[in-house]
Q: 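Have a look at this one before I ask anything.
Please read these numbers as outputs of a predicted model, since none were measured by experiment. We count residues from 1, following the sequence as given. Note that ligands are numbered from 1 as they come in the structure, with each ligand's atoms numbered from 1 the same way.
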Amino acid sequence: MENEKKQTEERSLNFIEQIVEKDLAEGVNNGRIQTRFPPEPNGYLHIGHVKAICMDFGIAEKYNGVCNLRFDDTNPVKEDTEYVETIERDIRWLGFKWGRIFYASDYFEQLYDLAIRFIKEGKAYVDEQTAEQIAEQKGTPTEPGVASPFRDRPVEENLRLFEAMQRGEIEEGKMVLRAKIDMANPNMHFRDPIIYRIITSHPHHRTGHRWNVYPMYDFAHGQSDYFEGVTHSICTLEFEVHRPLYDWFIDQFSGKNFCGLSPYGPDYRPKQREFNRLNITYTVMSKRKMLQLVKEGLVAGWDDPRMPTVCGLRRRGYTPTAIRSFMDRIGYTKVEGMIDQGLLEHTVREDLKEKAPRVCAIFDPVKLVITNYEGEGETIIAENIDGIGHLGTREMRFGRELWIERGDFLEEADNKFYRLSPGGREVRLKSSYIIQATGCEKDGNGNITTVYATYDPASKSGTEGGNRKTKATINWVECSSALDAEVRLYDRLFAVENPSAEEGDFRDLLNPDSLKVVTAKVEGSLRKEMKSYSDSALTAERSNNEVVDMSHYQLLKQGYFVVDPDTTADHLVLNRTCSLKDNYLK
Ligand code: ATP
Ligand code: MG
């Protein structure tokens with residue numbers, strides 16, 4: 001029994017957790033577990049990054065380790081503090097806590113010194129060829145590359161030129177520093193990789209104009225891991241081919257060779273591990289493409305609710321719980337694949353099912369007049385989620401004039417139509433009375449303007465007569481208390497399943513119907529949402545991009561919605577998170 005339970009637990013470990021447990025059992029790194037999440041601050045986090053975040057932070061949480069945040073800021077051309085701030089906010093919102101914050105730029109001095117040392121040891125040279133020439137000489141996996149004519153430059157000359165590069169005396173693009181490794185190595189990454197390049201055109205967002213040369217990824221990442229004491233450097237599969245080079249650079253510098261740069265002893269080594277990237281249907285997962293959509297105004301911004309960014313998902317109404325549960329379900333493997341967007345929607349639907357109060361909203365309203373209703377109107381107490389007590393009740397205004405859905409009335413209906421139609425059908429108004437349609441009024445074009453009905457005063461829900469069954473229940477909103485809401489109906493951003501796999505321009509594949517806006521009549525109980533947006537303290541928090549709780553609702557029969565921050569004291573905006581229909585399980 002105990003054994004069986006243990007086995008189940010073991011089976012549910014992902015392969016990285018298995019590696020970590022094995023390392024712990026063998027006492028590797030004295031049982032120390034340290035990970036890092038290393039975003040480049042050149043764009044907003046997307047849901048693909050969240051997969052990495054859940055892994056990096058998850059391992060640290062589970063095994064009493066620490067996960068640091070490290071900004072991989074080695075390319076000042078594309079990076080900015082704006083991105084640093086939003087990345088931090090998004091991680092906080094997801095519910096993760098980092099240990100310390102590091103920047104690759106913290107190590108520019110040390111990395112520069114290592115480069116100098118490399119040059120002095122004859123392991124690096126300054127190449128004056130163009131990037132294209134260097135690429136042409138790389139060879140193919142089966143053919144060796146061609147050595148650069150600058151490969152055997154004397155050490156002194158390399159030193160002099162590299163220092164001139166750093167002093168800003170060499171024009172951008174005119175020279176690079178390459179590691180002198182092996183132009184015939186079957187792993188192309190060993191064919192004298194570029195380790196430093198000149199960037200003088202852009203100041204760095206942290207170091208300003210201090211540097212004119214910047215380290216490349218392969219020369220910065222492993223070393224940064226090493227300086228910090230990372231034990232498990234987890235990344236996506238495309239870095240698997242970089243791993244031998246990652247290890248090679250660390251071997252060049254680590255142990256007794258590393259001039260005391262690591263406090264973790266001569267045997268300490270960070271180990272890189274790779275898992276499969278997240279790809280989701282009907283969207284793109286590349287910061288470059290997202291930036292293009294934002295810059296060209298094809299979406300409303302990074303936080304457009306159609307974007308796969310964390311802030312977009314948040315604005316769409318996704319919850320951290322749903323996003324994290326999605327990551328649990330898809331798991332981590334070594335096999336690249338495409339995840340059905342329906343699964344993401346399924347997880348948010350499951351989360352909101354128990355959390356989102358129900359309210360009535362009428363999307364295509366027509367007026368209903370209850371001709372035998374006397375008096376000023378009344379208050380109806382409705383359960384926030386039918387049958388689940390935990391969200392309590394709310395007050396709904398009821399009266400003689402109501403908005404109902406146009407589609408809920410047919411002037412002439414066959415006997416398969418159970419909703420309103422003259423001729424004796426009984427229909428219940430949600431949470432209130434039973435009515436029968438008696439007729440309608442039309443305008444000159446034949447469009448129905450008003451539906452007439454009578455009600456049964458003895459049929460009120462919650463009273464004895466409330467138990468009487470009808471074949472249909474319809475939604476309604478009382479006219480004098482109704483609010484107009486701008487409802488943004490979002491759909492998938494792209495019209496094709498895998499825009500990245502198609503020929504041609506990905507922008508031509510955008511779904512032209514990804515946003516429809518309707519004005520709906522919603523119940524007055526939503527007025528409190530507008531009030532919250534007239535609260536200046538909350539508004540300040542929102543504009544500071546601080547995390548504010550979102551208000552989720554299920555608009556009955558329509559789907560799950562969230563209050564959008566465009567809401568003001570007199571204008572309510574709701575975003576559709578997802579419809580009610582779940583196609584995923586089919
Ligand atoms: P992009 O290609 O969109 O620019 P990136 O990989 O360059 O993304 P980084 O900021 O370098 O973005 O990524 C930080 C971390 O997030 C890396 O460890 C990377 O492996 C991981 N990551 C990025 N995209 C995905 C994804 N789609 N699925 C899983 N992890 C990802
Ligand atoms: Mg990257």
Q: Residue-level breakdown please: for M290 versus ligand 1, do any non-hydrogen atoms fall below 4.0 Å on the side chain, on the backbone, on both, or on neither?
A: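 Looking at M290 and ligand 1, no heavy atom falls under 4.0 Å.
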Q: With the threshold set at 4.0 Å, does a side-chain nitrogen-carboxylate oxygen contact exist between R36 and E228?
A: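 Judged by the 4.0 Å cut-off on N to carboxylate O distance, R36 and E228 do not form a salt bridge.
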Q: Which of the listed options, E238, H49, K287, holds the heavy atom that is closest to atom 23 (C) of ligand 1?
A: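 Going through E238, H49, K287 one by one, H49 has the nearest heavy atom to atom 23 (C) of ligand 1.
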Q: Considering the heavy atoms of F37, write down every atom of ligand 1 situated less than 4.0 Å from one of them.
A: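 So the atoms of ligand 1 that pass are 15 (C), 16 (O).
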Q: Within ligand 1, which atoms have a heavy atom of A52 less than 4.0 Å away?
A: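 Taking each heavy atom of A52 in turn, ligand 1 has 16 (O), 21 (C), 30 (N) under 4.0 Å.
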Q: Can you confirm whether more than 12 heavy atoms, excluding those of K62, are under 6.0 Å from its NZ atom?
A: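 Counting other residues, nucleotides and ligands, NZ of K62 exceeds 12 neighbours.
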Q: Checking side chain to side chain donor-acceptor pair (under 3.5 Å) against N276, which of E336, K334, K51 comes through?
A: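 Running side chain to side chain donor-acceptor pair (under 3.5 Å) over E336, K334, K51 with N276 returns exactly one hit, K51.
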Q: Output yes when the distance from some N or O of ligand 1 to some N or O of G48 is under 3.5 Å, and no in every other case.
A: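 The answer is yes, given that G48 and ligand 1 share an N or O pair closer than 3.5 Å.
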Q: Within less than 4.0 angstrom of ligand 1, does R288 place any heavy atom?
A: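 No, R288 has no heavy atoms under 4.0 Å from ligand 1.
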Q: Any salt bridge between D564 and R488, counting N to O under 4.0 Å?
A: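 Result for this pair is yes, salt bridge flagged.
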Q: I'd like to know whether the aromatic ring centres of F227 and F102 sit less than 6.0 Å apart in this structure.
A: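 Not close enough - the centres of the two rings lie 6.0 Å or further apart.
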Q: Pairs of nitrogen or oxygen atoms closer than 3.5 Å, one from C235 and one from ligand 1: do any exist?
A: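 N/O-N/O distance under 3.5 Å: no.
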Q: Please list, in number order, the atoms of ligand 1 under 4.0 Å from a heavy atom of M285.
A: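 Every atom of ligand 1 under 4.0 Å from some heavy atom of M285: 3 (O), 27 (N).
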Q: What verdict does the ring pair (Phe, Tyr, Trp, His ring centres under 6.0 Å) test give for F249 and Y226, after you've listed the backbone C-alpha separation in whole Å, the side-chain angles of each residue and the deciding distance to 0.1 Å?
A: CA-CA 10 Å; F249 276 124; Y226 186 85; over 10 Å; no
Q: Would you call R70 and D225 a salt bridge, using N to O less than 4.0 angstrom?
A: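 Between D225 and R70 there is a salt bridge, with a charged N closer than 4.0 Å to a carboxylate O.
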Q: Show which atoms of ligand 1 fall inside a sub-4.0 Å distance from at least one heavy-atom site of T236.
A: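 Heavy-atom distances to T236 below 4.0 Å select 19 (C), 20 (O), 29 (C), 30 (N), 31 (C).
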Q: A cation-pi test, strictly: NZ or CZ of R316 under 6.0 Å from the centre of the six-membered ring of Y490 and no more than 45 degrees from its axis. Yes or no?
A: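 No, R316 does not sit over the ring of Y490.
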Q: Going by the order shown, which atoms of ligand 1 are within less than 4.0 Å of some heavy atom of S286?
A: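 Per the distance check, 3 (O).
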Q: Counting only heavy atoms, tell me which of E40, R277, E274 gets closest to atom 2 (O) of ligand 1.
A: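 Result: the heavy atom closest to atom 2 (O) of ligand 1 is in R277.
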